[in-house]
2 protein chains.
Amino acid sequence: MVSCTSISDAYPVEAQLLRTFVAVARLGSFSGAAVELGYTQAAISQQIAALESDLKVPLLNRRPVSTTEAGARLLEHAEELLLRLDVARADVTRMTQPPAAALVVGATPLAAGSSGLALALSALRRRRPRLDVTVQVGARANVLTSVARGEFDVGLTDGLTAPGDPLSEFSSLTAVGISQAGVAIVLSCDHPLAGRAGLRLSDLADARWIEASDVTSPLSEIRRLAGVDGFRPAFRYDGSDTMSLIRLAAAGHGLTLLPETALPPTGISAVRVTSPRVVHRVDFVHGSLREGSPAAELAALLAPRG
Amino acid sequence: MVSCTSISDAYPVEAQLLRTFVAVARLGSFSGAAVELGYTQAAISQQIAALESDLKVPLLNRRPVSTTEAGARLLEHAEELLLRLDVARADVTRMTQPPAAALVVGATPLAAGSSGLALALSALRRRRPRLDVTVQVGARANVLTSVARGEFDVGLTDGLTAPGDPLSEFSSLTAVGISQAGVAIVLSCDHPLAGRAGLRLSDLADARWIEASDVTSPLSEIRRLAGVDGFRPAFRYDGSDTMSLIRLAAAGHGLTLLPETALPPTGISAVRVTSPRVVHRVDFVHGSLREGSPAAELAALLAPRG
DNA sequence: CCAAGTTACGAGTCACGTAAGGATT
DNA sequence: AATCCTTACGTGACTCGTAACTTGG
């Protein structure tokens with residue numbers, strides 16, 4: 001046991017380099033990231049080189065572009081870090097502005113549809129008739145970053161989880177589960193399984209599936225939960241409208257997995273998934289809530305529900 | 001409900017500005033921060049001005065220097081953020097290096113003394129005789145940042161908490177409580193309270209206290225836990241040696257609060273604190289542990305203990 | 001009036017863009 | 001041959017330091 005002297009040195013890692021790295025890693029392309037970030041391709045190359053020489057580790061494999069092991073590790077940290085930077089900026093900036101006469105709610109399509117959002121908003125508008133409420137529907141990642149940046153006051157995201165729930169993947173945002181529902185597979189009426197009471201996900205590994213990652217969980221996620229391979233996309237739906245997706249599935253273009261709460265009460269043939277035990281959960285996500293703000297009131301309205 | 005378009009814009013906040021801001025806020029001085037960071041005072045002034053103009057909020061009051069409300073908010077985010085940057089760097093950098101033949105443990109003085117550290121290290125050295133073990137003792141903040149930076153493989157910190165324990169103040173590091181003990185006040189033998197079985201902290205608010213923030217909890221913390229004012233420093237001990245502090249207290253220079261486990265078995269008069277119910281807890285702190293590393297083994301040895 | 005932060009200004013650096021160069025498919 | 005990343009190089013912007021200025025105790 002020796003007494004300690006504190007050491008402190010130069011610390012070059014700068015945020016812009018991380019932003020660029022994340023963009024390149026996500027897009028799998030230097031030139032793509034250049035367009036997205038408004039730089040030239042050469043600048044991107046230089047920034048990545050700077051980051052790699054700073055950390056003294058190759059972060060990306062080139063041609064095709066993919067993350068190295070170290071790069072993957074950095075990516076995890078970087079995404080969280082940049083999100084938190086956004087939270088910090090939003091949090092501080094908010095303090096200058098007047099106490100928000102409007103409420104902007106971001107939501108993924110299924111979160112907007114299921115969960116008590118519509119009811120909670122009704123209750124809120126009853127209590128604050130003059131409040132200007134906006135709901136914006138978008139992909140999960142966009143909802144999260146927009147909430148982090150303060151563009152949305154709060155967000156609702158959804159996803160599949162095992163009934164025992166971890167999922168607090170971003171430590172800079174607070175997430176609370178506000179509703180859970182079973183999940184079901186939408187089938188065409190003439191499908192052999194139609195009418196069954198329940199089914200096992202793994203039995204459908206070889207069926208034709210619809211990849212609709214803007215609406216429901218991507219097939220890769222379903223594959224992971226089922227624990228078996230398969231679930232290959234036979235059809236791709238890029239829209240964000242739930243009803244259209246249901247119609248496509250009902251018309252036999254492929255299977256899709258949705259929470260039971262998202263299904264229309266009649267006219268659609270759907271079978272409950274009984275194994276594995278997964279639930280569709282809606283999470284209420286927010287940064288720091290200001291006492292008495294509309295966002296805080298909405299949180300209170302949503303929280304107590306099961 | 002309207003469909004969504006994702007928005008994305010310029011994001012100037014850079015890490016260096018945050019480092020400077022944190023230094024200034026912590027030291028309460030531009031010129032002090034300049035010395036610490038190796039800049040001129042003017043540069044610091046410019047960096048703070050840049051940050052404030054970027055965020056469009058005054059962050060610091062000048063003369064004397066203190067944080068504004070917005071600044072205080074930013075400070076919370078910034079400290080966590082910078083720590084996480086360090087964690088990211090250490091995590092990635094570690095991947096280049098060979099699998100560590102040495103183990104460096106950082107610890108606060110009381111954490112090194114109490115807790116099963118000595119025993120756990122013995123067990124570890126028995127299993128890995130050739131392992132080069134170093135224990136460095138330092139202040140809590142230094143231990144945390146050094147662990148974050150990878151300078152220490154793991155850390156042991158200590159502090160007072162209510163028996164129901166939150167304390168995971170840094171989301172980028174993992175902390176596990178590994179030992180708890182009651183706390184006691186060290187008295188001189190001729191002190192009127194000496195020999196009592198227990199006492200209430202609030203009864204000692206007006207006594208002479210020793211401020212020894214490098215060893216035990218600062219008086220401000222004790223004041224907070226007691227819930228009453230007082231606990232004013234009558235004596236200041238800047239060292240990090242527990243025994244010296246105990247001797248000073250025993251000699252009547254003032255009171256000090258220590259975990260019972262840190263007291264020598266005989267020769268010292270000390271009285272247990274019975275109210276409020278606080279415990280001294282030692283936390284085991286680490287970043288990401290590599291499978292099979294000495295650090296991971298030590299974690300396993302320390303974890304099961306109560 | 002002194003300590004401490006701000007402002008002005010010049011200099012050096014650093015990072016970007018242009019453009020040419022490789023490499024891989 | 002086409003695409004995509006890297007390298008070379010010149011230029012512009014940015015940030016730092018010096019030094020003069022200002023303000024508050």
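Sequence lines set the chain letters: A, B, ... in the order given, protein chains first and strands last, and positions in each chain run from 1.
Listed candidates were C:dC16, D:dA19, C:dA19. Nearest to the side chain of A:Ala42 is C:dA19. Of the candidate nucleotides D:dG17, C:dT6, C:dG17, D:dG17 has the atom lying nearest to any side-chain atom of B:Tyr39. Closest to the side chain of A:Ser29, out of C:dT6, D:dC5, D:dC16, is D:dC5. Each of C:dC16, C:dG5, D:dT7 was ranked by its minimum atom distance to the side chain of B:Val65; first place goes to C:dG5.
Under 4.0 Å is where a charged nitrogen must lie from a carboxylate oxygen, and between B:Glu221 and B:Arg140 no such pair does. Salt-bridge check for B:Glu36 with B:Arg19: failed, with every basic side-chain N at 4.0 Å or more from each acidic carboxylate O.
Partner B:His253 forms a ring-ring contact (aromatic ring centres under 6.0 Å, His included) with one of B:Tyr237, B:Trp209, B:Phe235 and no other, that one being B:Phe235.
Between D:dC5 and A:Gln46, no contact under 4.0 Å exists linking OP1 or OP2 to a side-chain N or O. Contact annotation: B:Thr40 does not reach the phosphate of D:dC16 (side-chain N/O to OP1 or OP2, under 4.0 Å). Within the 4.0 Å cut-off from OP1 or OP2 of C:dG5, at least one side-chain nitrogen or oxygen of B:Gln41 is found. For the pair A:Ser31 and D:dC5, the criterion of a side-chain N or O lying under 4.0 Å from OP1 or OP2 is met.
Here D:dC16 presents its C1' atom at 12 Å from CD of B:Gln16, a figure rounded to the nearest Å. To the nearest angstrom, C1' of C:dT24 lies 15 Å from CZ of A:Phe30. Between B:Ile48 atom CD1 and C:dT6 atom P there is a gap of 9 Å when expressed in whole angstrom units. Following rounding to the nearest Å, A:Glu14 (CD) and D:dC14 (P) show an atom-to-atom distance of 15 Å. At whole-Å resolution of the value, CG in B:Leu51 and P in D:dC14 are 17 Å apart. The CG-P distance, from A:Asp54 to C:dA15, rounds to 11 Å in whole Å. With rounding to whole Å, B:Glu52 atom CD is found 12 Å from C:dT6 atom C1'. Atom C1' of nucleotide C:dC16 and atom CD of A:Gln47 are separated by 9 Å, given to the nearest angstrom.
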side-chain hydrogen bond (donor to acceptor under 3.5 Å, both in side chains) between B:Asp214 and B:Ser240, worked out: CA-CA 5 Å; B:Asp214 285 352; B:Ser240 65; over 6 Å; no
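Side-chain polar atoms of B:Thr20 and B:Gln16 form a donor-acceptor pair below 3.5 angstrom.
One donor-acceptor pair, N or O on each side, does fall under 3.5 Å between the base of D:dC4 and the side chain of A:Arg63.
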